[in-house]
Each structure stands twice: as structure tokens, then as C-alpha cells.
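Written below as C-alpha cells is the structure these notes are about.
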Amino acid sequence: MKTTNRNSTRIAIIGVGNVGATFAYALLGSGLASEIVLIDNNKQRAEGEAMDLNHAVPLTHSTRIWAGDYSDCAGAAIVVITAGTAQKPGETRLDLVQRNYAIYQSIIPQVIQYNPDGLLLIASNPLDILSYAAMKLSGLPANHVIGSGTILDTARFRYLLSQHAGVDPRSVHAYIIGEHGDSEVPVWSSANIAGMALSDYCKMNCEEYNEDVYAKIFEQTRDAAYHIIERKGATFYGIGMGLVRICEAILRGQHTVLSVSTLIHDYYGIDDVYLSLPCVVGRDGVSKFLRLPLDEKEVEGLQQSAQVLKETIHKLGL
Ligand code: NAD
């Protein structure tokens, strides 16, 4: 189905493996998109997913879904890229860099040929490196190239904290910043429940309150992907929903604060690198990142995270 109308909201998904297909399914259920086009170099896979998803349409939102090619990126409000190799058990996200950068070198020019003014939402790993690469390869302004960043890590963190505190995860306000990967940083200094510092809340309300418990919660957050991949081979539900949440903030112009990866400048000495901080996300992509006040340990952690990312960017010659 290649026709569109002036009011359509087209989302193109490039790479329809575990993450891309799960995102497409969650997006269909959200009703946010009137058109979803699936693009994959494994065309049969894209066709199969489109057929399967179309059979859910009569039971949910009216949506046109088809397996297309790059010309179908024309007019898409957002092009979401989930193509690439995924981590195998024991592999880090940074181990994927050469393979997935080569894939991005082939994908991005084709997207830009047909959609020179759109928004790119990057989900492939290593996330921050590929988001920076996508900005360079596309020539788009940085606010139009958004990495899903630590939206997933922050969700994992909030979930685990909520289990500890015995409240709804949506009532826990805490962020993971920095790399979407091993050097990510928990922001304990501003973590809160109902405006109460997390430490105060836990002193009064949690069964166990000590530094070891917090350290374990962060470890489980940071290493969650390894534990899931060991058990089921891949992770995709959390990120699928995270991508829908980012698309919602964009398409509805919500100005929502989300921890996504963006180009950082002049923040605690960090410059010209993509990493995650809480960002305001709306119709024009990332309108700003929030200059969170951090404590000394958090600043040191973030600077180290930026350093790891910069070294990888330089190795790619970007
Ligand atoms: P997958 O192997 O299931 O799917 C990848 C898809 O990309 C495949 O269908 C493949 O055919 C396609 N592809 C490969 N090269 C392509 C190209 N040149 N053009 C078009 N399509 C191409 O992998 P997955 O589990 O879906 O993971 C995809 C990516 O998402 C990985 O890099 C993974 O590490 C990452 N990921 C990110 C997060 C996050 O939080 N951002 C979470 C989970 C996974």
C-alpha cells in the first residue's frame, strides 16, 4: 500500500528482527501511527511480519502496514532504525561497533535520499556511537537524530527501585545517564519518590536500607541485558515500549522529559559526544537536554562514560 494522504502519520522501521517487530506490534497497539512500513534486507522476514501484523489490525487500530523499501521512507514522520547485529551471550554492546557501523553506512544515505527532513530514532547498538554516526552520515541537525539511549535502562532502574520501595514504578523518579552500556551512571543524588529523597523515603519505609542494596539494584539494572540474553537470547519488550513512548512524545508534541541520547555540549567538560541525559522531547525532536546538577562521583562517572564513547568514535574516524 503505497498511497498516503495529507493527514497520515507514517512511521518507517528499518530492521524488523526482534526489536523492530516488537516495536511495530506495540506501535500498532498504541494507535499512534496511521501507516507503518517495514524495511529489512531480509525482505521475506519483513513480508511475514507485515502479514502477521495486518491480521491484528481488525482487532485494534486502523493502520496500513506493508513491507516496503527505502522509497517508502518518503513522508515518514519518524524513521526508526533497529537494524543490525545483536549481542550474543557474553558480548558487550561496544563489541558490535564495526559490523553495525558498516550497516549504518549503507542505510542512512538511502533514508536521507527519500526523507531529507525527517526525524531519525536510533535503537541499534552500540547506541550512542551509532546515533552520533547517524547524525554525521545524514547531515541532519542533532535535535532530529535521537538515540533511544537510557530510556530502557531508566525503566529497568525505576522498576527495580519500585520493587524495593513497594510503590508503582511510575511513582519512582530516578535516571540512568551516560552510555547505554557498561559505563552508564545512576543518578542517586536526585532520585526521589513524591519529591522525597530516595534515601529518606527508604529510611522510613523500606525493610532494608543500606549501600549494598542500592549497589545491587544498580548492578541488576546495568547488567539486565546480559542476564536476559543468557536466558532467552535477546531483549525486546522494554525497548519496544520505550520506542513507542519516544514516538508518542514526538508525534503529540508532548515536551516529555525522557532519558534519550543526544549531542552533548559544554556539560561538566563534556563536548561533542552522544550520551543520555533527561531531554525534552517533542515535535521537533530533542529541544534541550537538562543540565542536571550531579554530585562529584556522578560527574566522574559521566566523564568516564563520555571518554569511553569518544575513544570509540575516534576509532571509527568520525
Ligand atoms: P535481530 O537480529 O533480531 O534483527 C536485526 C534485523 O536487522 C534483522 O531482521 C536483519 O535482517 C536486519 N538487518 C541487518 N542488516 C540490515 C541492513 N543493512 N538493512 C536492513 N536491515 C538489516 O536483532 P534484534 O534483537 O532485533 O536487535 C537489533 C539491534 O537492536 C541490535 O543492535 C541490538 O543490540 C539492539 N538493541 C537495542 C536496545 C536498546 O535499548 N536500544 C535493546 C535491545 C536491542
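The first residue of the sequence shown is numbered 1, and numbering continues consecutively from there.
- Annotation: side chain of Leu127 is not in contact with side chain of Arg93 (no heavy-atom distance under 4.5 Å).
- The distance from the CD1 atom of Ile151 to the CZ atom of Arg156 is 12.0 Å, given to the nearest 0.5 Å.
- Atoms OG1 and CD1, on Thr256 and Ile246 in that order, are 10.5 Å from each other to the nearest 0.5 Å.
- Residues Leu251 and Val286 share a hydrophobic cluster, clusters being chains of Ile/Leu/Val/Met/Phe/Trp/Tyr side chains in contact below 4.5 Å.
- You'll find the side chain of Leu275 reaches within 4.5 Å of the side chain of Leu302, heavy atoms only.
- Under the 3.5 Å distance criterion, with hydrogens and angles disregarded, no donor-acceptor pair is assigned to the side chains of His144 and Asp117.
- A chain of hydrophobic side-chain contacts below 4.5 Å, direct or via other Ile, Leu, Val, Met, Phe, Trp or Tyr residues, connects Leu316 to Met135.
- The main-chain N or O of Asp95 is never found under 3.5 Å from a side-chain atom of Glu91 such that the two would form a donor-acceptor pair.
- In summary, the side chains of Gln307 and Glu311 do present a donor paired with an acceptor at a separation below 3.5 Å, with no hydrogens or angles considered.
- A 6.0 Å sphere centred on CZ of Arg99 holds more than 12 heavy atoms belonging to other residues, nucleotides or ligands.
- Under the 30°/60° scheme for interplanar angles, the aromatic rings of Trp188 and Tyr214 are found to lie parallel.
- Here OG of Ser199 is found 10.5 Å from CG of Asn192. Values are rounded to the nearest 0.5 Å.
- By the 4.5 Å heavy-atom criterion applied to side chains, Ile129 and Leu94 are counted as neighbours.
- Atom OH of Tyr159 is surrounded by 12 or fewer heavy atoms from other residues, nucleotides or ligands within 6.0 Å.
- Between the side chain of Arg10 and the backbone N or O of Ala74, at least one donor-acceptor pair lies under 3.5 Å.
- The backbone N or O of Ala165 sits nowhere less than 3.5 Å from a side-chain atom of Asn205 that would complete a donor-acceptor pair.
- Proximity of a side-chain donor or acceptor of Asn210 to a complementary backbone N or O of Val213 within less than 3.5 Å is detected.
- Side-chain N or O atoms of Asp200 include none that pairs as donor or acceptor with a backbone N or O of Leu198 at under 3.5 Å.
- More than 12 heavy atoms of other residues, nucleotides or ligands lie within 6.0 Å of OH in Tyr268, so this atom counts as buried by the packing criterion.
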Candidate pair Tyr175 and Thr150, rule side-chain contact (heavy atoms from CB on, under 4.5 Å), full reasoning | CA-CA 8 Å; Tyr175 287 96; Thr150 57; over 6 Å; no
Go through Ile13 and Ile39 one step at a time and tell me if the side-chain contact (heavy atoms from CB on, under 4.5 Å) criterion holds.
-> CA-CA 6 Å; Ile13 305 176; Ile39 301 166; over 6 Å; no
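- Note that CD1 of Ile239 is 8.5 Å distant from CG of Asn125, once rounded to the nearest 0.5 Å.
- Under the side-chain contact (heavy atoms from CB on, under 4.5 Å) rule, Leu120 has a single partner from Ile146, Ile108, Ile14, which is Ile108.
- Under a 3.5 Å cut-off, the side chain of Glu298 and the backbone N or O of Asp295 do form a donor-acceptor pair.
- One side chain, Ser259 or Thr154, offers a donor N or O that lies under 3.5 Å from an acceptor on the other.
- Considering all non-hydrogen atoms of both residues, Ala26 and Val244 come closest at CB-CG2, 3.6 Å.
- Side-chain atoms of Leu309 and Thr312, non-hydrogen and from C-beta on, never get closer than 4.5 Å to each other.
- Side-chain atoms of Ser124 and Tyr104 include a donor-acceptor pair closer than 3.5 Å.
- Contact record, Ala83 with Ile107: CB-CD1, 3.6 Å, taken as the closest heavy-atom pair.
- With hydrogens and angles disregarded, no donor-acceptor distance shorter than 3.5 Å links the side chain of Asp128 to the backbone of Glu179.
- Counted by atom type alone, Arg245 and Gln254 present one or more donor-acceptor pairs between their side chains at under 3.5 Å.
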Which is it for Glu248 and Ser30 under the side chain to side chain donor-acceptor pair (under 3.5 Å) test, yes or no, and what are the steps along the way?
-> CA-CA 9 Å; Glu248 182 191 3; Ser30 75; over 6 Å; no
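- The closest side-chain donor-acceptor pair between Tyr25 and Asp52, if any, does not fall under 3.5 angstrom.
- The backbone N or O of Val167 sits nowhere less than 3.5 Å from a side-chain atom of Ser171 that would complete a donor-acceptor pair.
- Taking 4.0 Å as the cut-off between side-chain N and carboxylate O, Arg64 and Glu35 count as a salt-bridged pair.
- Summarising the geometry of Leu258 relative to Ala249, their closest heavy-atom pair is CD1-CB, 4.0 Å, with the distance given to 0.1 Å.
- Transitive grouping of hydrophobic side chains (ILVMFWY, heavy atoms separated by less than 4.5 Å) keeps Leu59 and Val57 in distinct clusters.
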side-chain contact (heavy atoms from CB on, under 4.5 Å) assessment of Ile264 paired with Leu277 = CA-CA 9 Å; Ile264 303 300; Leu277 281 170; 3.7 Å; yes
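- Within the 4.5 Å cutoff, no side-chain heavy atoms of Lys288 are placed close to those of Cys279.
- Of the possible polar contacts, none joining the Arg252 side chain to the Gly282 backbone as a donor-acceptor pair under 3.5 Å is found.
- For the pair Lys310 (side chain) and Asp271 (backbone), a donor-acceptor distance under 3.5 Å is present.
- A pairwise comparison of heavy atoms in Ile176 and Asp153 identifies CG1-O, 3.7 Å as the closest pair.
- At a threshold of 4.5 Å between non-hydrogen side-chain atoms, the residues Leu243 and Thr82 count as touching.
- Atom CG of residue Leu27 and atom CD1 of residue Ile78 lie 8.5 Å apart, to the nearest 0.5 angstrom.
- A pairwise comparison of heavy atoms in Asp168 and Ser162 identifies C-CB, 4.0 Å as the closest pair.
- Under 3.5 Å, the side chains of Asp182 and Tyr226 contain a donor-acceptor pair of N or O atoms.
- Across all non-hydrogen atoms, the minimal contact from Ala174 to Leu161 is CB-CD1, 3.8 Å.
- Under the 4.5 Å side-chain heavy-atom criterion for ILVMFWY residues, no single connected hydrophobic cluster contains both Val281 and Met241.
- Residues Ile36 and Thr63 are in side-chain contact: their nearest non-hydrogen atoms beyond the backbone lie under 4.5 Å apart.
- Judged purely by distance below 3.5 Å, without hydrogens or angles, the side chains of Glu184 and Ser305 never pair a donor atom with an acceptor atom.
- Under the 4.5 Å side-chain heavy-atom criterion for Ile, Leu, Val, Met, Phe, Trp and Tyr, Leu140 and Tyr274 are members of the same hydrophobic cluster.
- Note that CD1 of Ile103 is 9.0 Å distant from CG of Leu130, once rounded to the nearest 0.5 Å.
- Other residues, nucleotides and ligands contribute more than 12 heavy atoms inside 6.0 Å of the OH atom of Tyr267.
- Taking the six-membered ring for Trp, His265 and Phe289 have ring centres closer than 6.0 Å.
- At a threshold of 4.5 Å between non-hydrogen side-chain atoms, the residues Ser287 and Asn143 do not count as touching.
- Applying the 6.0 Å contact sphere to CD of Gln105 captures more than 12 heavy atoms from other residues, nucleotides or ligands.
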Does the side-chain contact (heavy atoms from CB on, under 4.5 Å) test come out yes or no for Ile122 and Tyr132, once each step is laid out?
-> CA-CA 10 Å; Ile122 307 299; Tyr132 186 88; over 6 Å; no
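- Residue-environment remark: CE (Met51) stays at or below the threshold of 12 foreign heavy atoms within 6.0 Å.
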